[in-house]
**Q** 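Here you go, one structure.
The basis for the numbers below is simple: all heavy atoms, side chains too, and nothing from hydrogens, waters or symmetry mates. Numbering of ligands and ligand atoms starts at 1, following listing order.
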Amino acid sequence: MSKIKACIFDLDGVIVDTAKYHYLAWRRLADKLGFEFTEEQNERLKGVSRMKSLEILLEIGNKNFTEEEKLKLAEKKNNWYIEYISKMKEDEILPGAKEFLEIVRASGIKTALGSVSKNSMTILNNLKLIKYFDAVIDGNKVSKAKPDPEVFLLGAREVNIEPKNCVVFEDARAGIEAAINAGMYSIGIGDAKILNKANFVIKSLKQMTIEKLNLL
Ligand code: B16
Ligand code: MG
């Protein structure tokens, strides 16, 4: 029998194609503030909380603001982001995500969402994805962003499975580090060079099978 008893999924970039909307909204803010923000620089923001992401962006642009101004800038970015995600359609669920979630549940393995996004529930509701998860941990339930393991440890606790029997699916380097810090296995979704600390890397959940969980 497989040692994996729970699969914990990141949301942005693993289940839905929202990573691009975070990037578009941050780039729009950078543009407004008068500096360039590349896709390569955006890698540093993946899996990172909203306010920490803003700090990184402002460091890249070499800009200084008061705490009050920073809250306003983060709100502006979030409003743009919400504008983008409110138009999302079910075809923006990433390839293989729903199918793999179904297979996992049919095998008696628990599923949890582990995202630091405060917008997770909006996305899950809009795209009718809630029913695929035994537990949902989002940015409203945790205070520490990845690479801190808090989000994944809480997910494991909510589905009542020990961390050593969990595997995390992640598209961000900080997310893979969070899984390692939680004492869990990790499978990277995306670029093997960026996600080199994962147990293994696949292009999308379309390539994932129950048999591959047994390889961990
Ligand atoms: P929000 P994840 C993360 O979600 C994103 O990767 C990251 O880019 C974003 O800044 C963070 O959520 C906070 O999101 O502003 O919506 O609260 O990858 O953990 O699903
Ligand atoms: Mg992500």
Side-chain angles (χ1 to χ4, degrees), residues 7-30 37 39-60 70-86 88 92-94 97 111-127 129 132-133 135-155 168-179 181-182 184 186-191 194-195 197-198 201-205:
C7 290
I8 306 181
F9 298 86
D10 169 50
L11 180 64
D12 296 316
V14 171
I15 303 291
V16 288
D17 201 7
T18 41
K20 66 176 182 217
Y21 295 128
H22 278 295
Y23 172 56
L24 285 179
W26 285 125
R27 200 180 61 183
R28 195 162 157 184
L29 187 66
F37 177 54
E39 262 188 90
E40 200 187 337
Q41 290 165 331
N42 184 57
E43 283 302 319
R44 290 177 63 194
L45 273 54
K46 287 189 180 171
V48 175
S49 73
R50 196 180 305 165
M51 291 312 288
K52 182 81 200 349
S53 297
L54 178 66
E55 298 288 348
I56 297 171
L57 187 86
L58 295 179
E59 183 198 302
I60 289 168
K70 282 187 207 164
L71 285 172
K72 284 208 180 107
L73 291 173
E75 194 189 334
K76 199 185 266 296
K77 179 266 170 179
N78 194 48
N79 288 340
W80 285 328
Y81 179 66
I82 290 172
E83 184 189 308
Y84 298 143
I85 61 169
S86 66
M88 275 179 86
E92 286 176 82
I93 297 172
L94 286 164
T111 56
L113 187 92
S115 167
V116 299
S117 171
K118 292 191 164 95
N119 294 299
S120 297
M121 286 306 276
T122 309
I123 296 167
L124 293 181
N125 277 323
N126 283 357
L127 301 179
L129 289 170
Y132 294 99
F133 298 98
V136 172
I137 313 300
D138 67 9
N140 300 299
K141 288 192 180 170
V142 294
S143 55
K144 298 177 204 122
K146 301 160 186 174
D148 189 284
E150 185 185 21
V151 62
F152 296 142
L153 290 174
L154 193 56
V168 168
F169 293 84
E170 258 292 349
D171 70 317
R173 188 197 284 266
I176 298 293
E177 283 167 8
N181 292 338
M184 297 176 181
S186 60
I187 297 175
I189 310 280
D191 189 335
I194 295 170
L195 307 171
K197 288 187 185 160
V201 179
I202 50 176
K203 288 249 171 320
S204 78
L205 286 174

**Q** What are the atoms of ligand 1, with element, lying closer than 4.0 Å to any heavy atom of L11?
**A** 20 (O)
**Q** Not counting sequence neighbours, which residues clear salt bridge (Lys or Arg N to Asp or Glu O under 4.0 Å) with K70? List them please.
**A** E55, E67
**Q** Quick check for you: within a radius under 2.8 Å, how many protein N, O or S atoms neighbour the Mg ion (ligand 2)?
**A** 3
**Q** Minimum distance, heavy atoms only, to atom 4 (O) of ligand 1: which one of N42, D138, D12 is it?
**A** D12
**Q** For atom 15 (O) of ligand 1, find the nearest protein heavy atom and state the residue, atom name and distance (0.1 Å precision).
**A** R50 NE, 2.7 Å
**Q** Using a strict cut-off of 4.0 Å, indicate which atoms of ligand 1 neighbour a heavy atom of N119.
**A** 1 (P), 16 (O)
**Q** Which bit of K118 is near ligand 1, meaning a heavy atom under 4.0 Å away: side chain, backbone, both or neither?
**A** both
**Q** Inspect the contact between E177 and K197 and indicate whether a charged nitrogen and a carboxylate oxygen are less than 4.0 angstrom apart.
**A** yes
**Q** Please state which protein non-hydrogen atom is closest to atom 18 (O) of ligand 1 and give its distance, to 0.1 Å?
**A** D10 OD1, 2.7 Å
**Q** How close do G175 and K146 get, heavy atom to heavy atom, and via which atoms?
**A** CA-CD, 3.9 Å
**Q** Report, in ascending order of atom number, the atoms of ligand 1 lying under 4.0 Å from any heavy atom of S53.
**A** 10 (O)
**Q** Indicate yes or no for a side-chain donor-acceptor contact from E170 to the backbone of S186 under 3.5 Å, with no hydrogens or angles considered.
**A** no
**Q** Check whether any side-chain N or O of T111 sits under 3.5 Å from a backbone N or O of Y132 as a donor-acceptor pair, and report yes or no.
**A** yes
**Q** For atom 19 (O) of ligand 1, what's the nearest protein heavy-atom neighbour? Residue, atom name and distance, please.
**A** K146 NZ, 2.7 Å
**Q** For atom 8 (O) of ligand 1, what's the nearest protein heavy-atom neighbour? Residue, atom name and distance, please.
**A** L45 O, 3.4 Å
**Q** Should one rank A145, S115, A19, A174 by closest heavy-atom distance to atom 20 (O) of ligand 1, which comes out on top?
**A** S115
**Q** Taking only residues two or more places apart in sequence or in another chain, which ones pass ring-ring contact (aromatic ring centres under 6.0 Å, His included) with Y23?
**A** F37
**Q** Looking only at atom types and distance, does a side-chain atom of N119 sit under 3.5 Å from a main-chain N or O of I82, one as donor and one as acceptor?
**A** no
**Q** Nearest non-hydrogen atom to atom 16 (O) of ligand 1 belongs to which of G47, S117, A74?
**A** S117
**Q** Could you point out which residue of L154, I8, L113 forms a side-chain contact (heavy atoms from CB on, under 4.5 Å) with I137?
**A** L154
**Q** How long is the span from the NE2 atom in H22 to the OG atom in S117, to the nearest 0.5 Å?
**A** 5.0 Å
**Q** Answer yes or no: is there a donor N or O on one side and an acceptor on the other, between the side chain of E150 and the main chain of K144, under 3.5 Å?
**A** yes
**Q** Starting from atom 7 (C) of ligand 1, locate the nearest protein heavy atom and write down its residue, its atom name and how far away it is, to 0.1 Å.
**A** V48 O, 3.5 Å
**Q** Suppose we screen for ring-ring contact (aromatic ring centres under 6.0 Å, His included). Which residues come up paired with F169, at least two apart in sequence or across chains?
**A** F9, F100
**Q** Do R50 and Y81 have side-chain atoms, one donor and one acceptor, less than 3.5 Å apart?
**A** no
